[in-house]
Amino acid sequence: MQHVPIDLTGFRRGEAGRTDADSTLRVVILGGAVEGKSMLVERLLRETRRLIPDSGGAHGTISGNIPAGSLGHVGHRVNLLGTEDIACQVLATGKKTILVSDTSGHEEDTRYLGSAAAISDAGVVLVDALDGVQTQVRRHIRIAALFGIRNLVLAVNRCDLAGWSEDAFRRLAEAYRAFVEPLRLASFAAIPISTRNGDNIVERSSRAVWYTGPALLKYLEGLEVSAGARQRPFRMPIQSAGPSTSGAWSVSGTIASGIVRLGERVVVARTGREAHVEGVHGRDGALQQQGAAGEAVELALDGEIDAAPGDLLVAAGDRPEIADQFAAHVMWMHDEPLIPGRPYLLKIGASTVPASITEIKHREDVDTHQRLAAKTLQRDEIGFVNVATQEPVAFDRYDENRETGSFLLFDRLSRHTVGAGVIRFGLWRATNVHWQALDVTKESRAALKGQKPCCLWFTGLSGSGKSTIANALEKKLHAHGRHTFILDGDNTRHGLNRDLGFTDADRVENIRRAAHVAKLMVDAGLIVLVSFISPFEAERRMARELFETGGFFEIFVDTPLEICEQRDVKGLYKKARSGEIQNFTGISSRYEPPVSPDLHLEAGVLPPDVLADRIFDHLRLQGIF
Ligand code: ADX
């Protein structure tokens, strides 16, 4: 008999040994559309029940770290789905509790797969002995690896139908082993099984005489997964902080990772303020010696610490990274594409900050491992990107700590979850580029000009009259001795924004630049008139947020499309209608009317001079003059 140990088609790399916390193993069943995933789970359940009566076989959902034996516990590990939970079956083998989540029915759902992978320790990839390497299976493997799965088992099913052919098994296993090679997994193994007959699933089968490795369940039992959340450094997103009823300073939250013990030193990552832990209180208020990952605790401290909800409390001797720029893999989950420069909200731990993707380095082709150039990310696409947050955030690399290394992205207006990401590394730039302190300030520059600088943002369709009204207003301001400047979309597109076209992504960048230039000019003490179509609410809001309250006026030049088209001063509408120009606002590209503009001008009716006067009067009322 030929000896074919499983490591002929697999491997294991050195990993930290198992400890008490690893008695729970989370497994996700992956694979293409091949049937048998549910049957595999069914088999595992039935057989473990038969061998070890009362061994479980419960059903539950995981949204986090579940201590062995308990069900339905809402843990802390970020569930990338944001809302839904991942269904799982609970198997107890005597040695281990194994939580199995099946992805049947979600084969095409990147978001579900990524989420299931993100809370799992190992993946069982079910393939068919009669098939070759499948694109969808490769995609599943790739997604699992991106979201942190370091251990994979290839379960080669229907070996009975393949006549238990060693050749067929070996060929398939080798092909997949070659595919996973670049993923730097901790372990990979291939096991010939038959879900129909139950071969090699719970017990070794004698049918594959050439296979000497363990059955699937045995293999999973023996899997040494890397340290669980308890073995990571102590991290706790702060839910509240302040003096407790007893007067001592205390912080509370749910421990994301690690263990905190009485007497240990902890520090608020953002501020660096340190304190000693003088008491650990559990959910019921009872005093404990320690608190561990997954537990909600209140920590009594020996001194006041400057902390706000959302701050991360960490072990003083093992701190996370802090940066406002980092590289990450982002999985996009929204119908509207991800656009670099667009403002989103980023939630990491308990903290939510405004953020944007500054650059898409590449898009991952999950079918082929290829890196593709991309300007935007569509739904279900995964990209490697640079992220910039408005304020520095504390995080760990996802590879080191899944609990503190992942984040969600939300739309700023609808608050829908639009993306999920895992942080690969912080960017040096974040800490190396500082603000230069200057002595002559915005206020002194404005004082010298004797005016209150501000930004007047004109938005509206092409041909709506933005520039004509802005021009009339500037003449009037000038006549009153005001220092002004007009930024016009058409003009800046000849210089500063020469590299930009009219795709959504280019318009977002166009507005981002215009807004920042306007801000510089306001800092210089000017009254700046910005005249850009600026079709999207998100970017107009981003522009507004760059300025102080009362320093930004959104002026909606509301001329109906029919009138703009009738005017057709530049002949562009005609070209747009004939298809000669693409992505034309109002025709083949959308315009989102302002939700609450500071001034709403019905510009189809009144002449520009009258409208300019209206703005002038408004500014006077607002105390600009
Ligand atoms: S924005 O959408 O990015 O804010 P911007 O104000 O800079 O647009 O430029 C709009 C001007 O570009 C229009 O007034 C028009 O003269 C010209 N233009 C050329 N192609 C297009 C297009 N596809 N959509 C809109 N405007 C276009």
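For clarity, every value in this text was computed on a predicted model and none was experimentally measured. Read the numbers this way: they start at 1 and go in the same order the structure lists the ligands and their atoms.
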*Measure across Pro608 and Thr468 and return the closest heavy-atom pair with its distance rounded to 0.1 Å.*
CG-CG2, 4.0 Å

*Below 6.0 angstrom between ring centroids: does that apply to His329 and Tyr398?*
no

_Within the 6.0 Å centroid threshold, strictly below: Phe326 and Phe395_ =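 Aromatic pair counts; centres sit under 6.0 Å.
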
*For the pair Phe556 and Tyr591, name the ring-plane relationship: parallel under 30°, tilted 30 to 60°, perpendicular over 60°.*
parallel

*Quick one: do Glu359 and Lys361 make a salt bridge, cutoff under 4.0 Å?*
yes

*Hey, which residues fall under 4.0 Å of ligand 1 on heavy atoms?*
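Residue list for ligand 1: Ser462, Gly489, Asp490, Arg493, Phe502, Arg507, Asn510, Ile511, Phe532, Ile533, Ser534, Pro535, Lys570, Leu572, Ile581, Gln582, Asn583, Phe584, Thr585.
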
*Does NZ or CZ of Arg493 lie under 6.0 Å from the centre of the six-membered ring of Phe532, at an angle within 45° of the ring axis?*
no

